[in-house]
Enquirer: 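Sharing a structure below in structure tokens format, with a few things to ask.
Since this is a predicted model, take the numbers as computed values, not measurements. We count ligands from 1, going down the list as the structure has it; atoms in each ligand are counted the same way. Below, all heavy atoms of this structure are taken into account, side chains as well, without hydrogens, waters or symmetry copies.
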Amino acid sequence: MYDLIIIGGGQSALACAYYLRRTGLRYVLLDNQPDCGGAWQHAWDSLTLFSPAEQSSLPGWWMPKSSHPFPTRAEVIDYLCRYEQRYEVPVHRPVDVSAVSRQADRFQVDTNQGRYSARAIISATGTWGKPFIPDVPGRETFEGMQLHSAFYKSAGAFAGQKVLVVGEGNSGAQILAEVSKVATTAWAVRRTPQFLPDDVDGRVLFNVASAKYYAEQRGEPFDAKKFGLGNIVMIPSVLEARSRGVLKATGQIASVNQTGVVWANGKEEEFDVILWCTGFGYATGHLRPLGRQDERGRMPTDGTRSAEVPGLWLVGYGGWTGFASATMIGVGRSAQRTVKEVVQWVGK
Ligand code: FAD
């Protein structure tokens, strides 16, 4: 019986663990991965942070400087693993949580390694486990290969093929940039891709997001149009793709057929591969026994605290549960506030 169980072992769970160190609470992290690093273990090989190391740190310990402008995926994983060791974070892995339910004054946590119980739960399971693909008519009839960006590793596998990249966000732009070097590509979008100015990176975005947040707290208007927070960051690979002229959106797809797609203008085109860079829902399936969720996996919350289930918090799910909490620099604030609330609640 623990005071608190944190479900997940990525950057959000580690930020919570940092603030738990001196609370005296008996707690454990349950993570279903064989190794440390959370979702970064599954990201594509060339993925980097949007900001330099000093703007990308978890609470307490700066990420070591990188020899690249932005830390690489391998450097982020190394940092997260060393962070876990440094603060002696108690993690049980691999432990997959299948269901959390309420039993009198405690939660019952069912896993593939047996049953745990705790007085409070923080769910910090991220989004990577819930890839989202839109319901485009005919999608199931396509005879070529379909892959979500969650499973994309590198461009090599697509050499010489004709590839349709779907999605106008950062994932779509970054994957298009590298696949277009080895394959013939087209880019399907729902709206015109919005590129940030070349000199705007994660630092600027975080500062703008903070300014917007504080203006909202004060009830003041804030014009964030200049830097749309979901817009494409011009990292070096994307800049290079622009110079090759491949960052041109073809249009919207109306449907998929056996051999390719039908564009919104009625024209048909054949493809070998469709790469869906269409985002994620929330990996919260394990919380379903506790109450209703929408189609993306969200349940009612007040900040990070569940609005309907006393003793349950949700940390690191981005705009849903905490301002900028899907980033390393942003999740610290959310984690600190959550741990304060948990300590108060368990202390009752
Ligand atoms: P995760 O890292 O997903 O960790 C959750 C952990 O919980 C995982 O290990 C998962 O396997 C485990 N888990 C899930 N379900 C269960 C279960 N039922 N039982 C047990 N364990 C479970 N972030 C930044 O900070 N800076 C950036 O510059 C940045 N750039 C990005 C660029 C792109 C293109 C993308 C796609 C993402 C970027 N991110 C960036 C975001 C970052 O990758 C994720 O937001 C981050 O990994 C979320 O951390 P987390 O700890 O909340 O979730």
Enquirer: Do the rings of F151 and H148 sit parallel, tilted or perpendicular, given the 30° and 60° boundaries?
Expert: perpendicular

Enquirer: With a 4.0 Å cut-off on heavy atoms, is V95 in contact with ligand 1?
Expert: yes

Enquirer: Does any N or O of ligand 1 fall below 3.5 Å from an N or O anywhere on T48, backbone included?
Expert: no

Enquirer: Any nitrogen or oxygen of A13 lying under 3.5 Å from a nitrogen or oxygen in ligand 1? Just yes or no.
Expert: no

Enquirer: Decide yes or no on ring pair (Phe, Tyr, Trp, His ring centres under 6.0 Å) for F132 and W276, but give the supporting numbers first.
Expert: CA-CA 9 Å; F132 171 77; W276 298 96; 9.4 Å; no

Enquirer: Given F50, W40, Y282, which has its nearest heavy atom closest to atom 28 (O) of ligand 1?
Expert: F50

Enquirer: Might you confirm whether atom CZ of R244 has over 12 heavy atoms from other residues, nucleotides or ligands at distances under 6.0 Å?
Expert: yes

Enquirer: Answer with yes or no whether G9 contacts ligand 1, where contact means a heavy atom under 4.0 Å from a ligand atom.
Expert: yes

Enquirer: Using 4.0 Å as the upper bound for N to carboxylate O, is an ion pair formed by K162 and E270?
Expert: no

Enquirer: Got L314 and I122 here, is their nearest side-chain heavy-atom distance under 4.5 Å?
Expert: no

Enquirer: Measuring from non-hydrogen atoms of A283 to any atom of ligand 1, is the shortest distance under 4.0 Å?
Expert: no

Enquirer: Can you tell me if CD on E88 sees more than 12 non-hydrogen neighbours from other groups inside 6.0 Å?
Expert: no

Enquirer: Do H286 and S123 pair up side chain to side chain, a donor and an acceptor below 3.5 Å, judged on atom types alone?
Expert: yes

Enquirer: Considering both backbone and side-chain atoms of V97, is one of its nitrogen or oxygen atoms within less than 3.5 Å of a nitrogen or oxygen in ligand 1?
Expert: yes

Enquirer: Looking only at N/O atoms, are G38 and ligand 1 under 3.5 Å apart anywhere?
Expert: no

Enquirer: For ligand 1, which is the ligand I care about here, please tell me if M328 has any N or O atom under 3.5 Å from one of the ligand's N or O atoms.
Expert: yes

Enquirer: Polar-atom distance check: Q33 versus ligand 1, any N or O pair below 3.5 Å?
Expert: yes

Enquirer: Is Q174 close to ligand 1, meaning an N/O of one under 3.5 Å from an N/O of the other?
Expert: no

Enquirer: Using a distance-only test with no angle check, is there a side-chain donor-acceptor pair under 3.5 angstrom linking Q103 and S117?
Expert: no

Enquirer: Given F70, F280, W128, Y317, which one has a non-hydrogen atom that is nearest to atom 36 (C) of ligand 1?
Expert: W128

Enquirer: Minimum distance, heavy atoms only, to atom 33 (C) of ligand 1: which one of L47, L30, V100 is it?
Expert: L47

Enquirer: Checking side-chain polar atoms at under 3.5 Å, does Q258 have a donor or acceptor matched by the opposite partner on T141?
Expert: no

Enquirer: Counting only nitrogen or oxygen atoms and a 3.5 angstrom limit, does D31 reach ligand 1?
Expert: yes

